[in-house]
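What follows is one structure encoded as structure tokens, with my remarks underneath.
Not measured: the values here are computed from a predicted model. So that the names make sense, note that chain A is the first sequence line, chain B the second, and so on, each numbered from 1.
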Number of protein chains: 2
Amino acid sequence: MANGPVLHRDDPDKEPLVGHIKVTREDWLNVARDILVTDGVAEVKVLAIGTRLEVSRSSFYWYFKSRKDLLSQLLDDWEARNTARIEAHCAAPAATITGAICNFFRCFMDPAHFDQGLDFAIREWSRRDGQVRRRIDLADKARIKAVTAMFARYGYDSYEADVRARILYFMQLGYHALDQTEPMADRVARTRGYLLGFTGQEADPAALADFTAFAESLG
Amino acid sequence: MANGPVLHRDDPDKEPLVGHIKVTREDWLNVARDILVTDGVAEVKVLAIGTRLEVSRSSFYWYFKSRKDLLSQLLDDWEARNTARIEAHCAAPAATITGAICNFFRCFMDPAHFDQGLDFAIREWSRRDGQVRRRIDLADKARIKAVTAMFARYGYDSYEADVRARILYFMQLGYHALDQTEPMADRVARTRGYLLGFTGQEADPAALADFTAFAESLG
DNA sequence: AGAGCATTGGACAAAAATGTCTAGACGGAA
DNA sequence: TTCCGTCTAGACATTTTTGTCCAATGCTCT
């Protein structure tokens with residue numbers, strides 16, 4: 001999607017090349033990012049990108065040292081795009097926590113503000129690459145910190161703000177991280193609070209005891 | 001992980017081949033599944049599997065027509081494993097809905113009952129393959145139907161059971177589906193109920209109005 | 001118009017991955 | 001033991017993808 005420029009075509013018999021527009025480094029990056037999002041990192045191939053840009057692979061190696069170099073720059077690009085957006089939206093003023101949460105949602109709804117597909121694709125990529133994984137983890141920490149601060153602004157104490165931030169953030173992102181190292185007990189405990197509230201049983205101490213016993217039995 | 005058999009080695013100077021155990025179709029399938037889970041479908045390569053099994057690629061083509069054929073059989077295998085387990089756990093008897101939800105959780109905690117990594121890997125795979133996507137969609141429908149029936153057994157009406165089933169199911173699986181076609185308004189509306197309950201503001205009509213207006217403004 | 005740089009095409013090489021074919025090893029049945 | 005069906009190694013062919021090199025083209029500036 002969304003790679004504007006049509007490119008250098010010097011077939012002698014074709015168009016006289018009036019609107020000749022060169023393929024830029026950004027063009028390569030844009031197409032690469034699109035393929036990363038739709039097909040995964042394994043499909044980000046030099047020839048495929050070049051074909052879509054209607055140029056040979058040669059010019060790729062003008063802008064990038066290698067395929068590996070391209071992937072690295074793709075990561076830099078993502079880092080500069082998404083995390084700062086979330087932080088900004090969380091910091092936006094609102095009269096109530098409800099309004100602030102709406103602000104948070106808005107961030108994810110405008111592709112100009114946040115590319116959800118890109119975030120997803122890189123999260124998937126991180127599963128197979130330790131380097132990428134480390135950068136994702138740092139980004140998540142920074143983002144959750146921002147959401148926590150948002151809740152804290154409306155009077156939630158440290159613990160309450162943190163739990164709400166994590167659930168809100170992971171509900172929205174789809175909890176793709178799926179941290180296999182996190183003990184199941186923690187996930188149950190965290191989910192417990194939500195379920196009790198949602199099922200309208202928060203006043204029922206028996207149900208709370210059930211869940212608590214269950215979570216502790218996992219230790 | 002977990003590929004027991006060591007294999008045919010007929011180096012004349014090595015071991016006399018006493019415990020000769022052949023590589024079976026299941027061995028190929030097991031290693032392929034493991035690679036699918038840890039590295040994604042793109043990394044499921046004939047040579048890689050063969051190396052891990054310590055046989056040449058030749059015998060692969062004895063059991064499978066092609067790489068494509070292997071992937072197809074991997075899908076069949078997954079279908080037979082996971083969905084039925086969820087349905088069984090949801091149908092298990094429990095005194096209260098709280099207990100039933102605990103049963104549901106247990107299903108995901110025992111790798112013998114449900115391979116979460118496999119489910120995740122295939123969900124990811126489905127993003128790039130329409131055929132796979134269709135099978136995942138059918139599986140999700142069947143599973144949510146089972147969870148809905150579970151809530152219904154404890155007195156929730158049709159709508160309430162369905163909403164709770166979806167949230168419980170997707171919270172647990174991590175909402176990997178991330179259906180891009182589902183309107184954002186629907187997601188907000190669905191999440192709204194949760195958030196209102198969780199933040200303890202369900203008694204606040206102003207907050208409810210805020211969310212409702214927001215969801216409707218997305219029309 | 002000419003010089004110089006940025007960019008590109010196309011030829012070449014090499015690596016990685018799939019698939020085919022054949023000879024042969026192994027074990028069980030005749 | 002011999003024979004046959006099952007399974008495997010290794011050679012060969014092909015396709016896909018990456019990376020290198022160099023000549024040539026178009027643009028910009030003079």
Can any side-chain N or O of Tyr169(B) pair as donor or acceptor with the backbone N or O of Asp140(B) at less than 3.5 Å?
-> no
Taken to the nearest whole Å, OH/Tyr61(B) to C1'/dT8(D) is 14 Å
Nearest of dT8(D), dT8(C), dT20(D) to any side-chain atom of Arg57(A)?
-> dT20(D)
Check the distance between dG19(D)'s P and Phe60(A)'s CZ and give it to me in whole angstrom.
-> 7 Å
Nucleotide of dA9(D), dT17(D), dA17(C) approaching Lys45(B) most closely (side-chain heavy atoms) = dA17(C)
Leu47(B) atom CG is separated from dG19(C) atom C1', nearest whole Å, by 13 Å
Does the side chain of Ser58(A) get closer than 4.0 angstrom to OP1 or OP2 of dT8(C) through an N or O atom?
-> no
Provide, to the nearest angstrom, the distance between the CH2 atom belonging to Trp28(A) and the P atom belonging to dT18(D).
-> 11 Å
Sidechain N-carboxylate O distance under 4.0 Å for Arg143(A), Asp119(A) | yes
Send over the distance from Leu71(B) CG to dA17(C) C1', rounded to a whole Å.
-> 14 Å
Short N-O contact, Lys141(A) and Asp137(A), less than 4.0 angstrom | no
Salt-bridged, Glu43(A) to Lys45(A), with N to O below 4.0 Å?
-> yes
Measure from the side-chain heavy atoms of Arg67(B) and tell me the nearest of dT18(C), dT6(D), dT18(D).
-> dT18(C)
Here the distance between atom P of dG19(C) and atom CH2 of Trp62(B), to the nearest Å, is 18 Å
First of Tyr63(B) and Ser66(A) reached from the 5' end of DNA chain D, by closest nucleotide = Tyr63(B)
In whole angstrom, what separates Glu54(B)'s CD from dA9(D)'s C1'?
-> 14 Å
Can you check whether Phe64(B)'s main-chain N or O pairs, donor with acceptor, with Arg25(B)'s side chain at less than 3.5 Å?
-> no
Whole angstrom is fine here: how far is it from CG in Asp27(B) over to C1' in dT8(D)?
-> 14 Å
Can a side chain N or O of Ser56(A) be found less than 4.0 Å away from OP1 or OP2 on dG9(C)?
-> yes
